[in-house]
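Nothing here was measured: the structure is a model prediction, and the numbers come from that model. In each ligand, atom 1 is the first atom listed, and ligand 1 is the first ligand listed. The residues of the chain are indexed from 1 along the displayed sequence.
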Amino acid sequence: MSNKNQFGTKIGLIAATVGSAVGLGNVWRFPILAQSNGGAAFLLVYVACVFILGIPVMMAEFSLGRGGGSDAVGSFQNITPGKKWWMAGAIGILASYIILSYYMVVAGWTLEYTWQSITGDLYTPITEGGAMNNAQFTSKMNEYIVNDYNPLIFTFLMIIANFAILLGGVKRGIERLSNILMPMLFVLLIIFAGVSLSLPKAEDGLSFFLNPDFSKVDATVVVNAMGQAFFSLSLGMGILITYSSYYPKNTILSRTAVTVSMLDMTVAIMMGIIIFPAVTSFGLTGESLEGASLVFITLPEVFAQMAGGQIWSILFFFFLMVAALTSTISIAEVSIAFMQDHFKMSRVKACVTVLAPLFILSSLCSLSQGSLGSMKIFGFTLFDLFDQVATNIMLPIASILVCIYMGWIAPKTFFKNQLSNNGTVRSRVFHIVLFIVRFIAPVLIASILIAYFVK
Ligand code: PFF
């Protein structure tokens, strides 16, 4: 069951792993959470969560994957044959697939917005000749999301793009794409930060995002920050276990975990620095800053008012599409690796088996934003139900199980050997990491779960 697939270079494996981590979570989820949870105060709690929880749990997942040398289920089976702990991996795989089916829809919107920015249609006024007012603009943008057919076409295109890349395999598909796209993404990020900070009322936006309001920091804020750290770092879904099974033996796992987490955090913080000055400079606040509307309604409105707005719009949504694409391929790879390892499928067959059902599942998620919107399951649309169940319930459960497994169940020397590359590199932090993985992380992650149900 061993995996012959491997990343070719150190840069390549970091680019691919950062590509997975940096996604829609950084762009729309983080700034909103920060803003509504006390600004800079949330940022501090978030940074603490990344250091105290995120990095050690990431090291645990990396060790599990590289040491187990297989997919998210097979790695458990290789380390502790005959035990049922592979079920933790199975929960992760299932969660990742549920997430993939709606994440692909949002990825589709990013492609749709890139395309509509290129054609200029996004900014063509609906009223003959005149400029649109706020409500008209919102309803025009909503058409791109809730309309039944347009988003579907772009979601399908994203599924096909995923297929084309994933077919190329780990080195020629995932790694090569990440090597090109990730540096591009960071360059775009820097350009955007420059543009945004030079806008007339940039300072107001910055203080809106970065003004620390410690009175808002309570248990909910801490739980939100933890949840966001897990979401953003792609933890608990088998993604990092799968990717690290492609890491060579000499990769220093602790250093890789720190690098990936720092880069992911940098993107999240820069996103806040980009979005809020842009939005407040054009006098948009309040409701327009909530959820999906920030990126898919409010920002286009900002672009519409900016000099050279169309170019910025093309670049921004292209940036977002890249971030989403490198994340969807990592989420899909979890199931593809599983199919290849367990059912001995060829790469092509595994890619088809994993991606083809998305044409239906993602369509249903997409339509649940439109004409199927009234069909509620437990009071949620299908899109929201998938999000709630996978990210708020399955993801924390899988993460707790991974921690218990690496802290208590896997052979005693296993974790240490992985972090020290069998004693060839010094791992000074091992005892701290082990302590966190054994005691702190399971308890803190459990509080995310409890908070969700108590709410
Ligand atoms: N880490 C990526 C992001 O922040 O968008 C990918 C991802 C991870 C998506 C976890 C969804 C998720 F639940």
A.B. asks: What atoms in ligand 1 come closer than 4.0 Å to a heavy atom of Thr391?
C.D. replies: 13 (F)
A.B. asks: Without hydrogens or angle criteria, can the side chains of Asp264 and Ser232 be said to hold a donor-acceptor pair below 3.5 Å?
C.D. replies: yes
A.B. asks: Given 3.5 Å as the limit, does a donor-acceptor pair link the side chain of Ser75 with the main chain of Ser70, or not?
C.D. replies: yes
A.B. asks: So which heavy atom on Leu233 is nearest to which on Gly54, and how close?
C.D. replies: CD1-CA, 3.7 Å
A.B. asks: Going by the atom numbers of ligand 1, which of them fall below 4.0 Å from some non-hydrogen atom of Ser232?
C.D. replies: 1 (N), 4 (O)
A.B. asks: Once you restrict to heavy atoms under 4.0 Å, what part of Ala323 touches ligand 1? Side chain, backbone, both or neither.
C.D. replies: neither
A.B. asks: Are Val267 and Phe186 close enough that some pair of their side-chain heavy atoms sits under 4.5 Å apart?
C.D. replies: yes
A.B. asks: Applying the side-chain contact (heavy atoms from CB on, under 4.5 Å) test to Cys403, which of Leu53, Val437, Ile436 qualifies?
C.D. replies: Val437
A.B. asks: Which atoms of ligand 1 have any heavy atom of Asn26 under 4.0 Å away?
C.D. replies: 4 (O)
A.B. asks: Near Ser20, which atoms of ligand 1 are under 4.0 Å from a heavy atom of that residue?
C.D. replies: 1 (N), 2 (C), 6 (C)
A.B. asks: Less than 3.5 Å apart, any donor N or O on the side chain of Gln388 or Tyr452 sitting next to an acceptor on the other?
C.D. replies: yes
A.B. asks: Do Ser234 and Tyr243 get their side chains close enough for a donor-acceptor pair, meaning under 3.5 Å?
C.D. replies: no
A.B. asks: Kindly state whether the ring of Trp109 and the ring of Tyr144 have centres lying under 6.0 angstrom apart.
C.D. replies: no
A.B. asks: Enumerate the atoms of ligand 1 whose separation from the nearest heavy atom of Gly25 is less than 4.0 angstrom.
C.D. replies: 3 (C), 4 (O), 5 (O)
A.B. asks: Among Gly227, Gly19, Ala21, whose heavy atom sits nearest atom 1 (N) of ligand 1?
C.D. replies: Ala21
A.B. asks: Nearest protein heavy atom to atom 9 (C) of ligand 1, by residue and atom, and its distance?
C.D. replies: Tyr103 CE1, 3.2 Å
A.B. asks: For ligand 1, which part of Met237 has a heavy atom less than 4.0 Å away: the side chain, the backbone, both, or neither?
C.D. replies: side chain
A.B. asks: Among protein heavy atoms, which lies nearest atom 8 (C) of ligand 1, and at what distance?
C.D. replies: Phe231 O, 3.0 Å
A.B. asks: Any N/O of Leu24 closer than 3.5 Å to an N/O of ligand 1?
C.D. replies: yes
